[in-house]
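Keep in mind that what you see is a predicted model, and the values were worked out from it rather than measured.
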Amino acid sequence: MERTYVMCKPDAVQRGLVGEILKRFEQRGFQLLALELQHPTRERLEEHYGDLKSKPFFPALVEYMLSGPVVAMVFGGINAVKMGRVMVGETNPLASTPGSLRGDFSMVVGRNIVHASDAVESAEKEIALWFPNGVKNYTNPIIQQFVYE
């Protein structure tokens, strides 16, 4: 089983989309392992988006992410990272297919409602960053029986 980090960005929180995002991951068959409403610090955001630091939009991205609370989540399941990215859609909502979260709820790149880890390694790094006290893993026998073969 993989774990992935999913974050509802400030626009998702303000628009009341957290429940919809959570619902879609759970309906797909992923197991919620952690969830917390957080007010990120500039330092945490700069670490999280460190790979984008040289981009011209980086300062605006950090300021936007500081504009309100985010909801940090960890989901577990088979191919959680890859499937999570498919469910979220492309970074640019215009390139996202209908049915994806960004395809259904976003209009522009700068307000694309949700982040999802792009690789298993980055997922574990992001989980450690956003949940420094760790995440409790457990097995849900219903998911094991009715989602996976």
Side-chain angles (χ1 to χ4, degrees), residues 1-40 44-131 135 137 139-140 142-149:
M1 293 291 178
E2 285 179 1
R3 299 187 312 171
T4 192
Y5 175 71
V6 176
M7 177 172 49
C8 298
K9 296 179 179 181
D11 54 326
V13 175
Q14 295 300 324
R15 292 176 56 197
L17 295 173
V18 174
E20 179 67 26
I21 294 166
L22 174 62
K23 178 183 92 170
R24 289 196 187 193
F25 274 85
E26 287 189 318
Q27 284 181 334
R28 172 67 66 176
F30 291 112
Q31 184 174 330
L32 179 66
L33 300 174
L35 181 144
E36 184 178 335
L37 180 72
Q38 297 187 16
H39 296 270
R44 183 174 284 176
L45 290 168
E46 287 177 353
E47 185 174 346
H48 178 83
Y49 289 113
D51 61 322
L52 302 175
K53 202 165 202 146
S54 65
K55 303 289 185 183
F57 60 82
F58 181 77
L61 171 62
V62 171
E63 289 305 315
Y64 164 66
M65 292 298 293
L66 287 168
S67 71
V70 300
V71 175
M73 298 180 282
V74 178
F75 289 97
I78 294 175
N79 296 315
V81 172
K82 190 172 187 177
M83 181 58 74
R85 294 289 293 185
V86 170
M87 291 172 61
V88 165
E90 299 295 324
T91 301
N92 183 346
L94 293 174
S96 294
T97 58
S100 69
L101 288 162
R102 290 176 176 157
D104 289 350
F105 299 109
S106 299
M107 298 289 287
V108 296
V109 173
R111 301 291 184 268
N112 63 10
I113 73 166
V114 65
H115 164 85
S117 300
D118 61 2
V120 173
E121 298 78 25
S122 58
E124 291 303 323
K125 182 180 170 187
E126 291 169 352
I127 291 166
L129 176 65
W130 290 91
F131 293 93
V135 173
N137 288 317
T139 301
N140 181 329
I142 301 301
I143 289 176
Q144 296 301 315
Q145 182 178 358
F146 293 106
V147 175
Y148 302 117
E149 50 181 18

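Ionic pairing of E20 and R24 is present here: one or more N-O contacts between side-chain nitrogen and carboxylate oxygen are shorter than 4.0 angstrom.
For the residue pair G77 and F30, the shortest heavy atom distance occurs at CA-CD2, 3.8 Å. Nearest heavy-atom pair, L32 versus A34, reported as atom, atom and distance to 0.1 Å: CD1-O, 3.3 Å. Closest of all the heavy-atom pairs between A12 and I21 is CB-CD1, 4.0 Å. A pairwise comparison of heavy atoms in G68 and P10 identifies O-CG, 3.8 Å as the closest pair. The two residues I142 and N140 have their closest heavy-atom pair at N-OD1, 2.9 Å. Nearest heavy atom pair, residue C8 against residue V13, reads O-CG2, 4.0 Å.
Remark: M83 CE to R28 CZ distance equals 4.5 Å, nearest 0.5 Å. Interatomic distance, CG of L33 versus CE of M73, reported as 12.0 Å (0.5 Å rounding). Taking OG1 from T4 and CG from D118, the interatomic distance works out to 9.0 Å, rounded to the nearest 0.5 Å.
The salt bridge (Lys or Arg N to Asp or Glu O under 4.0 Å) search around E26 returns none, not counting sequence neighbours. Evaluation of the ring pair (Phe, Tyr, Trp, His ring centres under 6.0 Å) rule for F25 yields F75 as partners, not counting sequence neighbours. Remark: E36 engages Q38, F131 in a side chain to side chain contact (heavy atoms under 4.5 Å, CB included) (not counting sequence neighbours). Checked against salt bridge (Lys or Arg N to Asp or Glu O under 4.0 Å), K82 has no partners two or more places apart in sequence or in another chain. Residues that satisfy the salt bridge (Lys or Arg N to Asp or Glu O under 4.0 Å) test with R3, not counting sequence neighbours, are E124.
In this structure, S96 and E90 have side chains that are in contact, with non-hydrogen atoms separated by less than 4.5 Å. S122 has its side chain out of reach of Y5: every pair of non-hydrogen atoms, C-beta onward, lies at least 4.5 Å apart. Under the 4.5 Å side-chain criterion, counting only non-hydrogen atoms from C-beta, S100 is not in contact with V88.
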Under 3.5 Å, sequence neighbours excluded: what are the donor-acceptor pairs made by side chains of residues 50-63?
from, atom 1, to, atom 2, distance (Å)
E63, OE2, R42, NH1, 2.8
E63, OE2, R42, NH2, 2.6

- Message: For a side-chain contact (heavy atoms from CB on, under 4.5 Å) check, start with the C-alpha distance between M7 and H48, then their side-chain angles and the critical distance, and finish with the verdict.
- Response: CA-CA 11 Å; M7 177 172 49; H48 178 83; 3.9 Å; yes
- Message: Under the criterion side-chain contact (heavy atoms from CB on, under 4.5 Å), I'd like the reasoning laid out for E126 against H115: C-alpha separation, chi angles, the key distance, then a yes or no.
- Response: CA-CA 11 Å; E126 291 169 352; H115 164 85; 3.1 Å; yes
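Judged by distance alone, with hydrogens and angles left aside, the side-chain atoms of N112 form no donor-acceptor pair with the main-chain N or O of S106 at under 3.5 Å. No donor-acceptor distance shorter than 3.5 angstrom exists from the side chain of Y64 to the backbone of K9, with no hydrogens or angles considered. The backbone N or O of V81 lies less than 3.5 Å from no partner atom in the side chain of S117, so there is not a single donor-acceptor pair. Distance alone, capped at 3.5 Å, is enough to place a donor-acceptor pair between the E2 side chain and the A80 backbone. A donor-acceptor pair under 3.5 Å is formed between the side chain of R102 and the backbone N or O of G89. Remark: the backbone N or O of I113 is paired with a side-chain donor or acceptor of D11 at under 3.5 angstrom. Side-chain N or O atoms of D104 include one that pairs as donor or acceptor with a backbone N or O of G99 at under 3.5 Å.
Few gaps surround CZ on R44; more than 12 heavy atoms of other groups in view lie less than 6.0 Å from it.
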